[in-house]
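Worksheet: the structure to be examined is printed underneath.
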Amino acid sequence: MVKKKQLRLIAQMARKIRAYRELKSRPRESQKYALDYETLKRPHTGKMLPVLAWQDVRRETRLFSLLAGMRMFGVGRMFTRKSWLEEHPELSYWQITKVKVDYTAENMDHGKAWGILSHKGKQESEAKEVDKAIYHDWRLIPKHMEQQFKEFEPLPEPPVRYVPYPPLLRAMMLAQFKKAHGSAATEEPALPSRRDVLLNKDYFREQEKAAQRKKGTPV
């Protein structure tokens, strides 16, 4: 007969108390990302911002610094970034749909925001959390320019160019094709010179999910 394991209520309560204390002692985003604009250091970590960010910190604004001074915290308004305007001619912007403000911050200029991203004229179907909201390069799109951003059509993508494979690899591929199909290949194998892979968080999550599906779950 299997002996039932006795519950250690005091140990369980102690674990919950420790977890609660760790959660309460964890710094908030307003403390973690606070910035001393005179020394350009973060007081929580004592680290100085990169030199390339100094100019933007002095001239540009964070997203929540703009949202904090707006009606309804900017829900429904459109925002873009200085880096997007400088890097490519296609227009990109976020349209804010939801804002969760950290009311413990001194000026309520910290929190999380969600919206619909339109990147280079291509609008995403679902809203997601706005990333890099603490960067000092956000700009509010004036209302008289919102229609211009919405009506922007993406530029046609250039055709993909192909280059021939190296001679040894070409011979191996032709031999493998002939062995698999029993006849010689009619088309010359070519390698595309461009591969569009967006290396963001969603891409790596999909890679991890695919690897887990291949491994399966332990029984």
Side-chain angles (χ1 to χ4, degrees), residues 19-124 126-150 152 198-205:
Y20 177 75
R21 287 178 177 174
E22 290 178 0
L23 183 63
K24 294 295 287 184
S25 61
R26 187 174 59 184
R28 293 180 173 271
E29 288 192 0
S30 57
Q31 300 171 340
K32 187 177 179 182
Y33 297 114
L35 180 64
D36 185 354
Y37 287 91
E38 294 182 0
T39 61
L40 296 179
K41 289 185 178 180
R42 298 200 182 277
H44 180 69
T45 59
K47 294 182 178 180
M48 183 176 287
L49 292 181
V51 178
L52 297 177
W54 290 2
Q55 185 177 1
D56 286 342
V57 168
R58 293 189 176 98
R59 296 182 179 179
E60 303 296 331
T61 315
R62 293 185 298 107
L63 176 61
F64 268 86
S65 297
L66 297 171
L67 295 176
M70 300 181 64
R71 182 175 174 271
M72 298 291 294
F73 289 102
V75 174
R77 295 300 301 271
M78 295 164 54
F79 296 84
T80 186
R81 296 178 57 191
K82 172 195 169 187
S83 56
W84 290 345
L85 298 175
E86 292 180 349
E87 289 175 0
H88 44 75
E90 298 89 354
L91 299 179
S92 302
Y93 64 91
W94 281 93
Q95 186 166 14
I96 303 300
T97 58
K98 177 184 175 183
V99 176
K100 185 178 180 181
V101 183
D102 183 4
Y103 291 99
T104 62
E106 183 177 357
N107 298 318
M108 293 192 296
D109 56 351
H110 287 273
K112 294 183 179 180
W114 290 261
I116 299 176
L117 173 64
S118 294
H119 186 64
K120 296 184 179 180
K122 298 179 181 179
Q123 185 175 0
E124 296 187 359
E126 297 180 356
K128 63 179 182 180
E129 184 178 350
V130 179
D131 57 344
K132 300 179 181 178
I134 62 170
Y135 282 31
H136 289 75
D137 68 340
W138 288 89
R139 295 181 179 179
L140 172 66
I141 300 175
K143 284 194 173 183
H144 68 274
M145 294 182 62
E146 288 184 354
Q147 197 64 26
Q148 177 184 349
F149 276 75
K150 290 180 180 179
F152 176 79
L198 188 60
L199 299 178
N200 54 13
K201 293 186 291 185
D202 298 334
Y203 171 78
F204 290 107
R205 287 198 195 101

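Starting from 1, each residue takes its place in the sequence as its number.
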Using a 6.0 Å cut-off, check whether atom OH of Y37 has over 12 heavy atoms from anything other than its own residue. yes

In the structure I gave you, are the side-chain heavy atoms of Q31 and T104 within less than 4.5 Å of one another anywhere? no

Can you give me the closest heavy-atom contact between L66 and W138, atom names plus distance? CD1-O, 3.8 Å

Restricting to salt bridge (Lys or Arg N to Asp or Glu O under 4.0 Å), what partner residues turn up for E129, sequence neighbours left out? none

Qualifying residues under side-chain hydrogen bond (donor to acceptor under 3.5 Å, both in side chains), relative to K82, sequence neighbours excluded: D56

Shortest non-hydrogen contact from A68 to D109? CB-CA, 4.4 Å

Considering all heavy atoms, the nearest A34-P43 contact: O-CD, 3.2 Å

Roughly how far, to the nearest 0.5 Å, is CZ of R62 from CG of D137? 12.0 Å

Indicate the atoms forming the closest heavy-atom contact of L67 with G74, along with that distance. CD2-CA, 3.9 Å

N/O donor-acceptor pair under 3.5 Å between W114 side chain and K100 backbone: no

Across all chains, not counting sequence neighbours, the side-chain contact (heavy atoms from CB on, under 4.5 Å) partners of Q123 are I116, S118

Rounded to the nearest 0.5 Å, how far does CZ of R81 lie from CG of L63? 10.0 Å

S92 meets the side-chain contact (heavy atoms from CB on, under 4.5 Å) criterion, sequence neighbours left out, with W84, H88, H119, K120

Do I141 and W94 have side-chain heavy atoms sitting under 4.5 Å apart? no

With the side chain counted from C-beta on, respond yes when Y93 and K150 share a heavy-atom pair under 4.5 Å apart, and no when they do not. yes

Pairing residues for Y103 by the side-chain contact (heavy atoms from CB on, under 4.5 Å) criterion, not counting sequence neighbours: F73, V101, M108

Exercise: identify the closest heavy-atom pair between E90 and F152: CA-CZ, 3.5 Å

Kindly state each residue pair satisfying side chain to side chain donor-acceptor pair (under 3.5 Å) with at least one member in residues 39-48, sequence neighbours excluded. D36-T39

Nearest 0.5 Å, please: how far is CG in L140 from CE in M145? 10.5 Å

Using the side chain to side chain contact (heavy atoms under 4.5 Å, CB included) rule, take I96 and V130 through it: C-alpha gap first, then chi angles, then the decisive distance, then the call. CA-CA 9 Å; I96 303 300; V130 179; 4.1 Å; yes

Check: M70 and R77 side chains under 4.5 Å, non-hydrogen atoms: yes

